[in-house]
Undergrad: 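What follows is a structure written as structure tokens; I'll ask about it next.
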Amino acid sequence: MRKNLSLLVLFIALIEFPTWSATAFEDEKTERKVEQLLQKMTLEEKLGQMNQLNPHRVISKDFVERIRRGEVGSLLNIVDTESINKLQKVAVEESRLGIPLLIARDVIHGFKTIFPIPLGQAASFKPELIKTAARVAATEATETGIRWTFAPMLDIARDARWGRIAESFGEDPYLVGVLGKAMVKGFQGDNLANTNSVAACVKHFIGYGAAEGGRDYNSTYIPTHLLKNVYLPPFHESIQAGAATLMTAFNDNDGIPCSGNSYLLKDVLRKEWNFKGMIVSDWTSVSEMIPHGFAANEKEAARIAANAGVEMEMVSETYITHLKELIMEGVVKEEVVDEAVRNILRLKFRLGLFKNPYTDLPSKTCFYASSHLEIAREIAAESAILLKNSNEILPLSRKLEIAVIGPMAHAPHDQMGTWVFDGEQEHTVTPLDALKGEFSDVSFRFEPTLICSRDTNKINFQKAIKAVSKSDVAVLFLGEESILSGEAHALSNINLMGVQSELLKTIKEKTGKPVVLVIMAGRPLTIERDLPYADAVLYNFHPGTMGGPAIWDLLFGKTNPSGNLPVTFVKETGQIPMYYNHTNTGRPAPDKVGSINEIPLGQKQSSLGNTSFYLDSGNQPLFPFGFGLSYTDFEYSELEISDDRMKAGDTIRVSIKVKNKGRMSGAETVQLYIGDKTASITRPVKELKGFKKIYLNPGEKTNVSFAITLKELSFYRHDSTWGAEPGIFNVWIGPDSEQGLRKQFSLYL
Ligand code: BGC
Ligand code: BGC
């Protein structure tokens with residue numbers, strides 16, 4: 001009977017807790033281990049766990065001694081497996097408690113095999129592919145012993161002057177949220193304990209992309225509603241998806257440096273979102289609170305950061321130097337340290353580091369594995385955006401004689417983009433390499449003309465003109481060197497650099513030949529002045545190792561371009577910030593605005609109507625968010641809405657027919673936008689709330705539908721609560737943020 005009873009209890013337990021899986025059980029076991037270990041630790045050993053260091057090229061005896069004494073919890077930027085194992089051995093076998101080191105690295109868009117920069121990956125609008133690429137990156141990185149990456153970056157980037165826009169997924173919170181989540185899942189795999197999983201780190205918390213004027217590290221001024229509705233949601237998404245760690249940002253927002261902002265780290269992250277992971281500072285962002293003018297000295301910086309909730313300090317070592325004294329003085333509680341160490345140890349247990357601290361010497365067979373290169377090629381192709389294609393000049397016939405011109409045609413280093421520490425340029429396949437290899441049947445003439453994107457020497461223009469004159473078509477590879485974007489590489493002028501624009505114009509004017517402009521850059525450049533001289537424009541955010549063949553696949557029509565802009569392309573730098581999900585203002589500009597030349601001489605006060613636009617560049621961008629052409633045409637028709645009235649708990653379905661009207665099969669990103677017409681705070685004119693990338697054969701027609709629930713209509717309201725408000729909503733489905741068919745519905749609550 002007793003046995004039966006216990007079976008019954010077990011049975012009930014199983015019914016009651018269908019998700020009470022091995023994981024929950026494992027979690028409980030881990031918690032016990034964390035507590036047991038914590039009990040044994042001295043204060044010094046605890047502070048050691050909170051200390052992350054960057055070893056210098058030559059690892060000194062003193063450094064090793066510090067690991068032996070338990071003064072180091074994590075290392076970044078060490079990738080040589082032998083050295084990693086050596087140091088790990090000191091930590092595991094020679095330090096008092098044998099706590100393994102956690103090895104970190106910025107694996108941002110690939111480890112050895114380099115994928116397009118994140119902004120390019122975002123243009124693919126393909127979360128599954130981004131997840132796969134991150135999985136590949138994790139597989140390669142873990143070969144060396146790296147178990148933690150500082151990615152994905154989830155900063156909303158609305159300013160192309162900011163060099164780190166390259167590392168972002170663009171301007172839109174929904175898109176960044178969906179793609180960030182995919183990347184986290186790709187890095188972390190099914191289980192962090194798998195030796196090929198890396199812990200992800202969502203960064204930079206918060207608002208770093210809003211740096212005033214796009215100047216890196218600059219102050220931000222993001223007020224509460226904007227913070228809650230635009231900047232925070234992608235982080236929340238990734239945390240719900242299980243992101244293991246989070247990094248605080250360099251900037252001060254509204255006067256508070258992010259590594260000292262307890263409201264964000266405690267009230268939002270821990271309490272509101274229930275984040276169970278670990279919080280790391282950015283590189284010296286703790287001690288940088290001194291130049292910020294927020295802490296008088298390192299000791300104060302340590303106190304502020306620790307009390308705000310920063311748990312591991314990257315590089316600046318104020319914790320290990322001052323926290324003990326601060327605890328003795330009672331201004332930092334030991335519980336603060338205990339909680340931080342718990343989160344750090346838990347991560348090390350979850351990663352299986354106690355069980356498997358060492359890494360086998362890398363077989364290296366997985367580096368640049370052909371399957372990895374295939375994925376790199378696929379994502380590079382999916383990430384390229386066709387911006388212009390006059391007279392269907394593209395795709396090109398392989399029979400044409402091609403003049404290959406420009407500094408980016410063979411720039412193996414630059415093609416990889418920013419934040420590449422481990423990918424080697426010898427493995428990059430440039431457009432020129434691809435022509436010499438896989439596409440060797442194509443006849444071409446190569447004239448780089450310029451040494452690099454910044455080159456101002458026009459001495460070789462004549463050679464380029466000659467080459468183009470003798471060919472059927474010119475393909476110009478222009479853009480930016482990788483070093484012109486990325487961290488600390490902001491620009492105030494984002495035109496094509498050097499004499500690249502002049503080269504394009506000269507070629508068009510002097511030869512009259514069809515010109516295809518292929519750009520590789522780290523940001524959206526202001527290319528309005530260049531468009532008239534190019535018959536077609538294929539825009540690539542630095543496409544990575546396999547950019548070359550991917551670009552020819554597209555130019556020759558083996559693959560049909562299907563990338564869409566994850567950021568607005570402005571006409572002039574002076575239009576920045578310009579983004580599709582802006583508010584309407586009290587005086588929105590009409591569809592067509594006047595231009596500066598229409599103002600009569602001597603005109604008094606009012607001339608073109610008092611609405612919100614620039615006299616010289618209007619109110620429209622060069623290309624809107626979501627834009628991207630294809631070699632085929634997609635027709636949108638029959639937008640239908642299941643109900644034009646909605647109540648709480650209802651789901652409305654909106655659907656549309658999309659038809660491939662052209663002659664080529666291809667992919668199309670069908671985009672759903674919603675606009676809340678009236679609310680307790682002014683709302684964006686429209687917001688992306690869903691997208692589906694579909695593939696259609698010529699003549700094929702399909703139905704694409706989206707569900708709308710209260711979730712899609714909710715926002716952070718005037719009264720500081722989340723929810724939807726009754727009223728009228730616009731809903732669009734279309735190919736980008738400007739075009740689309742529209743319906744309306746009303747929400748009753
Ligand atoms: C960057 C971070 C990066 C860290 C470590 C900092 O300068 O802002 O994004 O993860 O360095 O390399
Ligand atoms: C302007 C005001 C002005 C009013 C009356 C408005 O368009 O914004 O500043 O006082 O016209 O002329």
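Model, not experiment: these values are computed from the prediction. The residues of the chain are indexed from 1 along the displayed sequence. When reading the values below, keep in mind they use all heavy atoms of this one structure, side chains included, and skip hydrogens, waters and symmetry mates.
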Undergrad: Within 45° of the axis and under 6.0 Å from the centre of the six-membered ring of W552, does NZ or CZ of K558 qualify?
TA: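 No, cation not above the ring by the 6.0 Å, 45° rule.
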Undergrad: Look at the side chain of R105 and the backbone N and O of F150, then say whether any donor-acceptor pair between them is shorter than 3.5 Å.
TA: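 Flag not set: sc R105 to bb F150 has no pair under 3.5 Å.
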Undergrad: Any luck finding a side-chain donor-acceptor pair between D172 and Y579 under 3.5 Å?
TA: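 No.
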Undergrad: side-chain contact (heavy atoms from CB on, under 4.5 Å) for H489 and T418? Distances and angles first, verdict last.
TA: CA-CA 10 Å; H489 289 82; T418 186; over 6 Å; no
Undergrad: So, W148 versus T245: side-chain donor-acceptor pair below 3.5 Å or not?
TA: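 Side chains of W148 and T245: pair found under 3.5 Å.
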Undergrad: Using only heavy-atom distances, determine whether the side chains of S74 and Q52 contain a donor-acceptor pair under 3.5 Å.
TA: yes
Undergrad: Not counting sequence neighbours, which residues clear ring pair (Phe, Tyr, Trp, His ring centres under 6.0 Å) with F115? List them please.
TA: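 For F115 there are no ring pair (Phe, Tyr, Trp, His ring centres under 6.0 Å) partners, ignoring immediate neighbours.
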Undergrad: Is the ring centre of F569 less than 6.0 Å from the ring centre of Y539?
TA: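 Close enough - the centres of the two rings lie under 6.0 Å apart.
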Undergrad: Hey, is the main chain of G690 close enough, under 3.5 Å, to the side chain of Q671 for a donor-acceptor pair?
TA: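 No; zero donor-acceptor contacts below 3.5 Å.
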Undergrad: Quick check on side chain to side chain contact (heavy atoms under 4.5 Å, CB included): which of P566, P234, P118 does F169 satisfy it with?
TA: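 Single pass found, and it is P118.
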Undergrad: Other residues, nucleotides and ligands only: do more than 12 of their heavy atoms fall within 6.0 Å of NZ on K388?
TA: yes
Undergrad: Examine distances only and state if a side-chain atom of D553 and a backbone atom of T559 form a donor-acceptor pair shorter than 3.5 Å.
TA: no
Undergrad: Do the numbers put K112 on top of the ring of Y368, so that NZ or CZ is under 6.0 Å from the six-membered ring centre and no more than 45° off the axis?
TA: no
Undergrad: Between R346 and D27, does any NZ, NE, NH1 or NH2 come within less than 4.0 Å of an OD or OE carboxylate oxygen?
TA: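 So D27 does not pair with R346 through a salt bridge.
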Undergrad: Counting only heavy atoms not in D360 (residues, nucleotides, ligands), do more than 12 fall under 6.0 Å from its CG?
TA: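 Count not over threshold, so no.
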Undergrad: Does K659 have more than 12 heavy atoms from other residues, nucleotides or ligands lying within 6.0 Å of its NZ?
TA: no
Undergrad: Would the number of heavy atoms belonging to other residues, nucleotides or ligands and lying under 6.0 Å from NZ of K711 be above 12?
TA: no
Undergrad: For the residue pair F623 and F627, does the interplanar ring angle fall in the parallel (under 30°), tilted (30 to 60°) or perpendicular (over 60°) class?
TA: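 Rings of F623 and F627: parallel, as their planes differ by under 30°.
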Undergrad: Do the side chain of S197 and the main chain of N191 share a donor and acceptor less than 3.5 angstrom apart?
TA: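 Present.
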Undergrad: Is the NZ or CZ atom of K692 positioned over F706's six-membered ring, under 6.0 angstrom from the centre and within 45° of the axis?
TA: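 That pair qualifies as a cation-pi contact.
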Undergrad: For a side chain to side chain contact (heavy atoms under 4.5 Å, CB included) with N540, tell me which candidate from I519, I551, I385, I117 qualifies.
TA: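 It is I551, the one option of I519, I551, I385, I117 that forms the side chain to side chain contact (heavy atoms under 4.5 Å, CB included) with N540.
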Undergrad: Is a salt bridge present between R523 and E480, judged by a nitrogen-to-oxygen distance below 4.0 Å?
TA: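 Between E480 and R523 there is a salt bridge, with a charged N closer than 4.0 Å to a carboxylate O.
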Undergrad: Within 45° of the axis and under 6.0 Å from the centre of the six-membered ring of Y673, does NZ or CZ of K686 qualify?
TA: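 That pair qualifies as a cation-pi contact.
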